[in-house]
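The structure appears right after this line, and notes come after that.
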Amino acid sequence: MRSSYAIGVDVGGTRIAVGLVERKGRIIKDAKSLTPKGGPFAIVDEVIDMVAEVSDVVKQGEIVGIGIGLPAQIDFARQSVEFCTNLPLAGVDVRSLVMSRLRHHVTMDNDGNMAAFGESKYGAAKGVRHFAMITLGTGVGGGMFIGGDPYRGFRGLGGEIGHMVVQLDGPPCPCGGNGHVESYLGRPAIAAKGRDVASTHRGRSILEMAGGDVNVITAEDVIKASFAGDEAATEILMEAGVVLGKTLVGIVNLLNPQRIVVGGGIGEACPFMIDRAAEVIGAEALAGRRDVRVVPAELGNDAGVLGAAALAFEESDSKEGLNR
């Protein structure tokens with residue numbers, strides 16, 4: 001008999017979200033907190049405390065396991081953290097530390113893969129066998145499903161859509177490269193363009209959204225100014241839509257997906273950016289453009305938690321030889 005619950009953990013650069021999730025995707029109890037700045041073990045301790053908090057409403061035997069999404073490159077076969085730009089977790093044995101304290105099986109994966117997993121099981125890509133997801137937030141991530149299964153590459157390090165090169169010798173990316181998608185579509189990049197415009201006579205609404213202080217302008221200020229009718233803010237986001245579209249043209253030509261899901265805080269807040277990207281695909285992609293739909297994500301901030309829980313269910317069922 002299949003157990004009823006799994007725990008999903010979504011660790012981000014600024015916050016951690018944990019949820020106790022039933023098989024149909026309903027979050028029974030959740031907890032959220034800011035990501036500790038005291039080093040890797042402070043982060044692990046926070047995760048353990050939050051899991052204990054949400055799991056106290058059911059019997060421990062009813063929980064199949066814990067899925068953890070990290071903003072990192074995960075060697076999926078070894079379950080090791082290989083590279084982590086925004087948190088000090090590279091080389092830390094997160095899985096063993098959590099398992100030893102909580103006595104549940106733990107499976108880790110990249111947070112972009114987790115969001116794609118969530119949308120596949122419960123959201124905008126449910127029932128779709130060939131799709132890609134791109135998440136636009138502080139960083140830019142993503143995941144791919146081919147033939148109904150997640151595609152992670154040889155060691156699980158694939159799916160880094162945010163680190164595809166869109167311009168040779170372009171602006172620096174937080175990973176150390178140049179001209180990557182993330183250096184155009186991540187929150188810091190959009191905020192920087194907002195500050196540039198707000199320093200001139202244009203973009204007055206952007207400055208107003210930031211309370212008159214150009215130094216604290218955020219990507220969200222640019223988005224709010226655009227919805228308020230600021231043309232300079234809209235230009236920034238439409239240019240971002242072109243970059244997004246050209247990125248997705250490469251994915252369409254490479255994978256011939258049925259659907260592309262755009263999520264993350266920036267993606268979900270800017271539907272016109274998604275529309276602009278779809279126009280670019282229609283104009284520039286090869287024959288696969290006829291097959292693909294570009295849609296917004298449906299799960300919002302819960303995608304990571306739901307995807308991590310879905311992974312825990314799948315790992316448990318696979319070990320027990322049960323049908324997925």
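Just so you know, residue 1 is the first one in the sequence shown, and it goes up from there. Fair warning: this is a prediction, and the values are worked out from it, not measured in the lab.
The closest donor-acceptor contact from the side chain of Arg195 to the backbone of Ile217 lies under 3.5 Å. Judged purely by atom type and a 3.5 angstrom limit, Ser100 uses its side chain to pair as donor or acceptor with the backbone of Ser96. At least one donor-acceptor pair closer than 3.5 Å links the side chain of Thr135 to the backbone N or O of Gly141. The backbone N or O of Leu311 sits nowhere less than 3.5 Å from a side-chain atom of Lys121 that would complete a donor-acceptor pair.
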Where do Leu248 and Val280 land on the side-chain contact (heavy atoms from CB on, under 4.5 Å) test, with the steps shown first? CA-CA 9 Å; Leu248 299 182; Val280 174; over 6 Å; no

Do Leu97 and Val92 pass the side-chain contact (heavy atoms from CB on, under 4.5 Å) test, and can you show the C-alpha distance, the side-chain angles, and the key distance before you say yes or no? CA-CA 9 Å; Leu97 290 170; Val92 177; 4.0 Å; yes

Derivation of the side-chain contact (heavy atoms from CB on, under 4.5 Å) call for Val9 and Met50: CA-CA 9 Å; Val9 180; Met50 293 172 72; over 6 Å; no

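Side-chain atoms of Thr107 and Phe76, non-hydrogen and from C-beta on, do get closer than 4.5 Å to each other. Looking only at side-chain heavy atoms (C-beta outward), His105 and Ser316 stay at 4.5 Å or farther from each other. For the pair Val11/Asp111, no side-chain contact is recorded, criterion being any heavy-atom separation below 4.5 Å from C-beta on. Considering only heavy atoms from C-beta on, Val305 stays 4.5 Å or farther from Asp30 through its side chain. For the pair Leu286 and Val252, the minimum side-chain heavy-atom distance is 4.5 Å or more. Proximity of Arg23 to Asp317: side-chain heavy atoms (C-beta onward) are separated by under 4.5 Å at one or more points. Between Leu255 and His130, every side-chain heavy-atom pair lies at or beyond the 4.5 Å cut-off. Contact annotation: the side chain of Glu119 approaches that of Leu299 to within less than 4.5 Å [non-hydrogen atoms, C-beta and beyond].
Atom CD of residue Gln258 and atom CZ of residue Arg293 lie 10.5 Å apart, to the nearest 0.5 angstrom. The OG atom of Ser33 sits 9.0 Å away from the CG atom of Asp49 when rounded to the nearest 0.5 Å. In this structure, Ile281 CD1 and Ile260 CD1 are separated by 4.5 Å, a value rounded to the nearest 0.5 Å. Of the inter-residue distances, the one linking Gln60 atom CD with Ile63 atom CD1 reads 4.5 Å to the nearest 0.5 angstrom. Glu182 CD to Thr247 OG1: the interatomic distance, rounded to the nearest 0.5 Å, is 12.0 Å. Atom SG in Cys84 sits 7.0 Å away from atom CG in Leu70 (nearest 0.5 Å).
The one candidate from Val222, Leu237, Ile236 that meets the side-chain contact (heavy atoms from CB on, under 4.5 Å) condition with Lys193 is Ile236. When Ile190, Ile266, Val181, Ile274 are each tested for a side-chain contact (heavy atoms from CB on, under 4.5 Å) with Leu136, only one passes: Ile266.
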For residues 35-45, which side-chain N or O atoms pair as donor and acceptor with protein atoms under 3.5 Å away, sequence neighbours left out?
unit_1 : atom_1 : unit_2 : atom_2 : d
Thr35  : OG1    : Gly12  : O      : 2.8
Thr35  : OG1    : Arg15  : N      : 3.0
Thr35  : OG1    : Arg15  : O      : 3.3
Lys37  : NZ     : Gly13  : O      : 3.4
Asp45  : OD1    : Arg101 : NH1    : 3.4

Tabulate below the donor-acceptor pairs under 3.5 Å that side-chain atoms of residues 150-163 make, not counting sequence neighbours, or state none.
unit_1 : atom_1 : unit_2 : atom_2 : d
Arg152 : NE     : Asp109 : OD2    : 2.7
Arg152 : NH2    : Asp109 : OD2    : 3.0
Arg155 : NH1    : Asp75  : OD2    : 2.9
His163 : ND1    : His180 : ND1    : 3.3

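Counting non-hydrogen atoms of other residues, nucleotides and ligands closer than 6.0 Å to CG of Asp213 gives a total above 12. Enclosure of atom CD in Gln167 by more than 12 non-hydrogen atoms of other residues, nucleotides or ligands within 6.0 angstrom is indicated.
Taking the six-membered ring where tryptophan is involved, the planes of Phe145 and Phe117 are perpendicular, since the angle between them exceeds 60° and thus also 30°.
Note on residues 278-292: pairs passing salt bridge (Lys or Arg N to Asp or Glu O under 4.0 Å), not counting sequence neighbours, are Lys246-Glu284, Arg276-Glu279.
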